[in-house]
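What follows is a short report on a single structure.
FYI, side chains are in, hydrogens and waters are out, and symmetry mates aren't considered; it's all heavy atoms of this structure. If you're wondering where the values come from, they're calculated on a predicted model, not measured in any experiment. Both counts, for ligands and for their atoms, begin at 1 and track the order of listing.
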Amino acid sequence: MTASPIWHPFTQHALEPDMRRIRAAEGAWLEADDGQRIFDGVSSWWVITHGHRYPKIIASMREQAEALDQVIFAGFTHAPAEAVAAGLLKIVPPGLSHVFFSDSGSTSVEVALKMALGYWKNIGAKRTRILALEHGYHGDTIGTMSAGARGVFNAAYEPLLFEVGRIPYPKPHHAQPTFDALEIACRKGDVAAFICEPLVLGAGGMLFYDADTLKEMHRICKAHDVLFIADEVMTCFGRTGTVFACEQAGISPDILCVAKGLTGGSIPLAVTLSTTAIYDAHLSKDRSRTFFHSSSYTANPIACAAAAANLEIWRTEPVLERILALSQNQALCLNELQTDPRFASLRQLGTISAFELADLQPGYLADVALKLRARLLERGVLLRPLGSTVYIMPPYCTTKDELRFVYNALSEAVDEVLA
Ligand code: PLP
């Protein structure tokens, strides 16, 4: 077979020359070309919520494709986009009133940053600085890399990244340094916005923090008129146990980024929601105050039909009950590892479990991640450890037996890797 010309994302081809070819998916499972069934323990990069090829979502996309595949979204609108916007406004934290479409998590965050800067410019205030949490991840475009943690991922692009005020990650039971740093930075009066991933810093290592901390960070920002951007690209649609993670802190961000699970994970679509104040700052007969952002496929009708079906599923099916059952099963499995010396820092947030492989070199480039991935794949499980941090983030349809299968495979694979 000739080598593929494809350059894969986040892949070092010199270490991983061969990509598994996947031909089908259903529920929590992928099916490889050779017939192997592989459990999707990372929800295909955190996007799949109800399960692969969820029938109502597939049917909705199919029906939409028969009527309208794509239309320019400036000067035009369409029913699926209107349904998504109206449906979202019913379930997002109160105070958000406008919905801007784009197509990935990164673009939803770029849009958020631009909205924040545009707001301050249009109301005539000189606030241009962005604050972000240490270990944060917001995407791989230049703007989102700037807001995210610096490291091996973006060292080559550093000269292009803009400077961001870094607020320490709020360690469990030790969040005061975070509050102090945020307070001091906000007090300077030049901060446009603070961006954070509510309750869990995902790519930064599945670092959790509690709802009270989120609430306090929000309070500090509000006390200083700093816009609060909640990046719920990963946490939206149930991942942390509630539809949005912000709900657990009872906060309403000024700007909310939503992507991944918006379409149940079936097709790319993202939105950035804003308050009326931010929208109104751009509303003017003066065209220079327009919000200048678009992409060719903004609010693609087929993607919107998938999102509309997803919203309907949340309205009519017991999704939160399924999430609760999965969360309880995660807790049971994690509990069995409590006394296992191979695992440390066992933690859980809603449907997500995470832990460290004890006594191993930490960091994303730790060799163990690749080896563990390979051993797991042999056993029919897809996990992508972040260095020595292992996490399991399965689709909500995952049964107790399937989850046990994953933990058993993990235990065997860890034995082999550590041997
Ligand atoms: N923000 C967060 C919190 C994420 O976890 C991710 C992706 O993992 C992104 C933004 C970027 O999303 P995308 O990969 O869809 O561009």
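Atoms of ligand 1 found under 4.0 Å from any heavy atom of Met234, numbered from 1 in the order shown, are 5 (O). Near Ser104, the atoms of ligand 1 lying under 4.0 angstrom from a non-hydrogen atom of the residue are 15 (O), 16 (O). Close contacts between ligand 1 and Glu197 involve ligand atoms 3 (C) [criterion: under 4.0 Å to a heavy atom].
One option in Gly136, Pro9, Ser106 has a heavy atom closer to atom 11 (C) of ligand 1 than any other, and that option is Ser106.
Protein heavy atom closest to atom 15 (O) of ligand 1, with residue, atom name and distance, is Gly105 N, 2.8 Å. Remark: minimum distance from atom 9 (C) of ligand 1 to any protein heavy atom is reached at Val233 CG1, 3.6 Å. At the shortest separation from atom 5 (O) of ligand 1 among protein heavy atoms lies Trp46 CZ3, 3.4 Å. Shortest contact from atom 6 (C) of ligand 1 to any protein heavy atom: Tyr137 CE2, 3.5 Å. His138 O, 3.2 Å is the protein heavy atom nearest to atom 10 (C) of ligand 1. What sits closest to atom 3 (C) of ligand 1 on the protein, heavy atoms only, is Asp231 OD2, 3.3 Å.
Taking 4.0 Å as the cut-off, Lys260 counts as a neighbour of ligand 1 on heavy-atom distance.
Within the 4.5 Å cutoff, the side chain of Pro253 has heavy atoms near those of the Cys246 side chain. Side-chain contact between Arg166 and Arg150 is present, with heavy atoms from C-beta onward closer than 4.5 Å. Between Tyr137 and Thr144 the shortest side-chain heavy-atom distance does not fall below 4.5 Å. Considering only heavy atoms from C-beta on, Ile255 stays 4.5 Å or farther from Phe228 through its side chain.
Note: Trp29 and Phe39 have perpendicular aromatic rings, judged against thresholds of 30 and 60 degrees for the angle between ring planes. The aromatic rings of His98 and Tyr279 sit parallel, their planes meeting at an angle under 30°, below the 60° perpendicular limit. Below 30°, between 30° and 60°, or above 60°: for His50 and Tyr54 the angle between ring planes is between 30° and 60°, a tilted geometry.
Residues Phe237 and Phe244 bring their aromatic ring centres within 6.0 Å.
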